[in-house]
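Structure first, then comments.
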Amino acid sequence: REVAPFLPIVDERKETEKAKLKFYEGKINDVEVVTLFSGVCKVNAAIATQILIDTYGVDVIINAGTAGGMNPELEIFDSVISTEVAYHDVAPNILTEFHPWLENVYFKADQELLTLTRKAVSKIELEGNVYWGRMVTGEAFIADEGRQKINEQYNPLTVDMETASIAHVCYVNSIPFISIRCVTDTATHSGTGHFEENCQHASSIAKDITVALLAELHNKK
């Protein structure tokens, strides 16, 4: 459901399969793209990201999809664009004292992509508000249990199961990265039921922002 909104608008679409994943090559807004659904969880997302870099030679990676809202100001169908991303379930010293020897636990979004997302969002009408800020990632769907601890430690806008691992792979490969996530559930409307109900529409909103960003990338050339 998260990749489905993109497929009808990929021109000259060609499908290939690697590591049991389907990759769709083509163009959106005259920008050459490769899009796919990586599957849920950090490892699956990391596998997909490294294949995009090594096999398809991508020079920008945009992660588009859905997320759980962590900040109480967020409402369902609000969108968040990452300024920085961290794992909420990895000990902080793992990434600072060992590979990739980060200065802190956060992977920063590309500054030029952040600028272009602001331009893109200003030109389109969207349901819900758009925020720029921190995301966190971990191997669990966050309902009520664990929410307070994550908020106290990281104060994120959203939580999901893939973004930090994609940012991690992009960081070690020096590939510009940004994440665009639309909220499907919140503390008030929590649980997998709300995610299932809202996933398709939220994915479409994330798609609209992503397509607008691709237009800005095209105009920049």
Side-chain angles (χ1 to χ4, degrees), residues 1-10 22 24 28-29 33 35-42 44-45 48-49 61-85 88 109 113-114 116-118 120-144 146-147 150-151 156-167 177-216:
R1 284 172 294 181
E2 288 175 292
V3 77
F6 290 95
L7 299 185
I9 61 171
V10 179
K22 292 181 179 180
Y24 302 93
I28 298 177
N29 284 337
V33 300
T35 186
L36 80 150
F37 174 64
S38 69
V40 179
C41 91
K42 296 182 293 190
N44 283 333
T49 305
I61 288 182
I62 304 167
N63 169 229
T66 63
M70 296 294 282
N71 187 296
E73 292 185 8
L74 288 174
E75 297 183 0
I76 290 172
F77 302 136
D78 284 346
S79 298
V80 174
I81 297 171
S82 65
T83 57
E84 57 185 6
V85 190
H88 67 73
L113 290 177
L114 284 170
L116 292 177
T117 58
R118 294 183 186 278
V121 167
S122 72
K123 296 177 180 180
I124 58 176
E125 291 186 11
L126 292 166
E127 180 176 350
N129 296 312
V130 181
Y131 299 87
W132 282 259
R134 181 179 298 166
M135 299 179 176
V136 292
T137 293
E139 296 286 14
F141 187 94
I142 305 299
D144 295 326
R147 183 181 294 272
I150 292 171
N151 280 336
L157 293 180
T158 61
V159 63
D160 63 70
M161 300 189 204
E162 299 84 24
T163 300
S165 59
I166 301 171
F177 167 80
I178 200 162
S179 183
I180 299 166
R181 295 270 184 163
C182 186
V183 173
T184 55
D185 53 281
T186 64
T188 304
H189 301 92
S190 63
T192 56
H194 288 281
F195 167 78
E196 295 292 340
E197 178 183 347
N198 298 320
C199 181
Q200 183 174 353
H201 187 54
S203 298
S204 181
I205 294 171
K207 179 268 296 182
D208 289 342
I209 298 174
T210 304
V211 170
L213 173 56
L214 290 173
E216 294 301 321

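Numbers for residues simply follow the sequence, beginning at 1.
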So do [Y] and [X] actually touch side chain to side chain, heavy atoms under 4.5 Å?
X: Ile209; Y: Ser79; answer: yes
X: Val159; Y: His88; answer: yes
X: Lys123; Y: Glu216; answer: yes
X: Val136; Y: Ile150; answer: yes
X: Leu126; Y: Asp208; answer: yes
X: Leu213; Y: Ile62; answer: yes

Please evaluate residues Leu36 and Val3 with respect to the criterion side chain to side chain contact (heavy atoms under 4.5 Å, CB included), reporting the C-alpha separation (whole Å), side-chain torsions for both, the decisive distance (0.1 Å), and the verdict. CA-CA 6 Å; Leu36 80 150; Val3 77; 5.6 Å; no
Find the distance between [atom1] ([X]) and [atom2] ([Y]) and round it off to the nearest 0.5 Å.
X: Ile178; Y: Ile166; atom1: CD1; atom2: CD1; value: 13.0 Å
X: Asn129; Y: Glu75; atom1: CG; atom2: CD; value: 7.5 Å
X: Tyr24; Y: Leu7; atom1: OH; atom2: CG; value: 5.5 Å
X: Thr35; Y: Ile28; atom1: OG1; atom2: CD1; value: 6.5 Å
X: Asp160; Y: Lys42; atom1: CG; atom2: NZ; value: 11.0 Å
X: Ile205; Y: Asp78; atom1: CD1; atom2: CG; value: 9.0 Å

Without swapping roles, check the side chain of Asn198 against the backbone of Ile76 for a donor-acceptor pair under 3.5 Å.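 No; zero donor-acceptor contacts below 3.5 Å.
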Of all the heavy-atom pairs spanning [X] and [Y], show the shortest one and how long it is.
X: Pro156; Y: Met70; value: O-CB, 3.6 Å
X: Met161; Y: Thr137; value: C-CG2, 3.4 Å
X: Ser165; Y: Ala45; value: OG-CB, 3.5 Å
X: Arg147; Y: Gly69; value: NH1-O, 2.9 Å
X: Leu74; Y: Leu157; value: CD1-O, 2.9 Å

For a quick check under 3.5 Å, do Asn44 and Ser38 share a side-chain donor-acceptor pair by atom type?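 Looking only at side-chain atoms, Ser38 and Asn44 do not form any donor-acceptor pair under 3.5 Å.
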Pair Trp132-Ser82, side-chain donor/acceptor within less than 3.5 Å: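 Short answer, no.
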Evaluation steps, side chain to side chain contact (heavy atoms under 4.5 Å, CB included), between Asn71 and Tyr131: CA-CA 11 Å; Asn71 187 296; Tyr131 299 87; over 6 Å; no
Taking only Lys NZ, Arg NE, NH1 and NH2, and the carboxylate oxygens of Asp or Glu, determine whether Lys207 and Glu2 approach each other closer than 4.0 Å.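 Salt bridge absent between Lys207 and Glu2.
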Does Arg181 pair with Glu162 as a salt bridge, N-O distance under 4.0 Å?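 Salt bridge: yes.
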Under the side-chain contact (heavy atoms from CB on, under 4.5 Å) test, residues paired with Ala202 that sit two or more places apart: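 With neighbours one apart ignored, the set is Thr66, Phe77, Cys182, Thr184.
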